[in-house]
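Just so it is clear, the model here is predicted, and its values are computed rather than measured.
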Amino acid sequence: MKKRIVAALASVLISKTPVLAQTAIEMNQTLDQLFGEHKPYADFLTRLQKAIAASDKESIAELIDYPLQIKIGGKAVKIKDKQHFVTDYDEVITQTIKDVVAKQTYATLFVNWQGAAIGDGKIWFSSVGKNKKIRVTAIND
């Protein structure tokens, strides 16, 4: 019986299924397990939320991993760089995106091996590149 319980717990820990924490402490532990540390993710969420609340296009543009493939008006568009993002800001950061970002709490982020998601996958962010900076990797309106 003990072997079954240990095996079940082990499979949960190494599974690729998403993990939903209920408290900030649990989210810290989950992110620590998945990515080695939680602080960059917590800080990134705060920065993103503040920038979107302030409609700070330039600051948000700094938080994107380019190129970013998105849909605008049902049409696939590749946002090539910061300037392109700023130009198309209102089509990318829609009211729906603003609302889900404003409502998101750190403890209720959706996380798995791919990164963290806001609003059931409306925005994904994760560490990217050689320097492992946290960046927005997807926006799905």
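- Minimum interatomic distance between H84 and K78 (heavy atoms only, all atoms of both residues): CE1-O, 3.0 Å.
- The shortest heavy-atom contact between Q104 and I118 is OE1-CA, 3.5 Å.
- Looking only at distances, a side-chain donor or acceptor of E26 sits under 3.5 Å from a matching main-chain atom of T23.
- In this structure, D65 contributes its side chain and V136 its backbone to no donor-acceptor pair below 3.5 Å.
- Of the inter-residue distances, the one linking Q83 atom CD with Y66 atom OH reads 9.5 Å to the nearest 0.5 angstrom.
- By the neighbour-count criterion of 12 heavy atoms within 6.0 Å, atom CD1 of I72 is densely surrounded, having more than that number from other residues, nucleotides or ligands.
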Derivation of the side-chain contact (heavy atoms from CB on, under 4.5 Å) call for I60 and Y89: CA-CA 9 Å; I60 300 165; Y89 175 82; 3.6 Å; yes

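- Residues in residues 132-141 take part in these side-chain hydrogen bond (donor to acceptor under 3.5 Å, both in side chains) pairs, two or more places apart or across chains: T94-D141.
- Expressed to the nearest 0.5 Å, how far CD of E37 lies from CG of L31 amounts to 10.0 Å.
- Taking every heavy atom of both residues into account, F85 and V92 meet most closely at CE1-CG1, 3.7 Å.
- At a threshold of 4.5 Å between non-hydrogen side-chain atoms, the residues F125 and L63 do not count as touching.
- Rounding to the nearest 0.5 Å places CD1 of I97 at 7.5 Å from CD1 of I52.
- Within the structure, side-chain hydrogen bond (donor to acceptor under 3.5 Å, both in side chains) contacts touching residues 43-63 (residues at least two apart or in different chains) are K39-D43, D56-S59, E62-K82.
- Closest of all the heavy-atom pairs between V86 and A61 is CG2-CB, 4.0 Å.
- Between the NZ atom in K122 and the CG atom in D99 there is a gap of 10.5 Å [rounded to 0.5 Å].
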Worked check of side-chain contact (heavy atoms from CB on, under 4.5 Å) between W124 and N112: CA-CA 11 Å; W124 280 87; N112 67 19; 3.8 Å; yes

side-chain contact (heavy atoms from CB on, under 4.5 Å) between L109 and M27, worked out: CA-CA 8 Å; L109 283 171; M27 181 55 69; 3.7 Å; yes

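- Summarising the geometry of G119 relative to V100, their closest heavy-atom pair is CA-CB, 4.1 Å, with the distance given to 0.1 Å.
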Stepwise side-chain contact (heavy atoms from CB on, under 4.5 Å) check, I139 with I64: CA-CA 10 Å; I139 299 175; I64 306 290; 4.3 Å; yes

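- Considering only residues two or more places apart in sequence or on other chains, E91 meets the side-chain hydrogen bond (donor to acceptor under 3.5 Å, both in side chains) condition with none of them.
- Note: I123 CD1 to L45 CG = 9.5 Å, rounded to the nearest 0.5 Å.
- Between the CZ atom in F35 and the OH atom in Y41 there is a gap of 4.0 Å [rounded to 0.5 Å].
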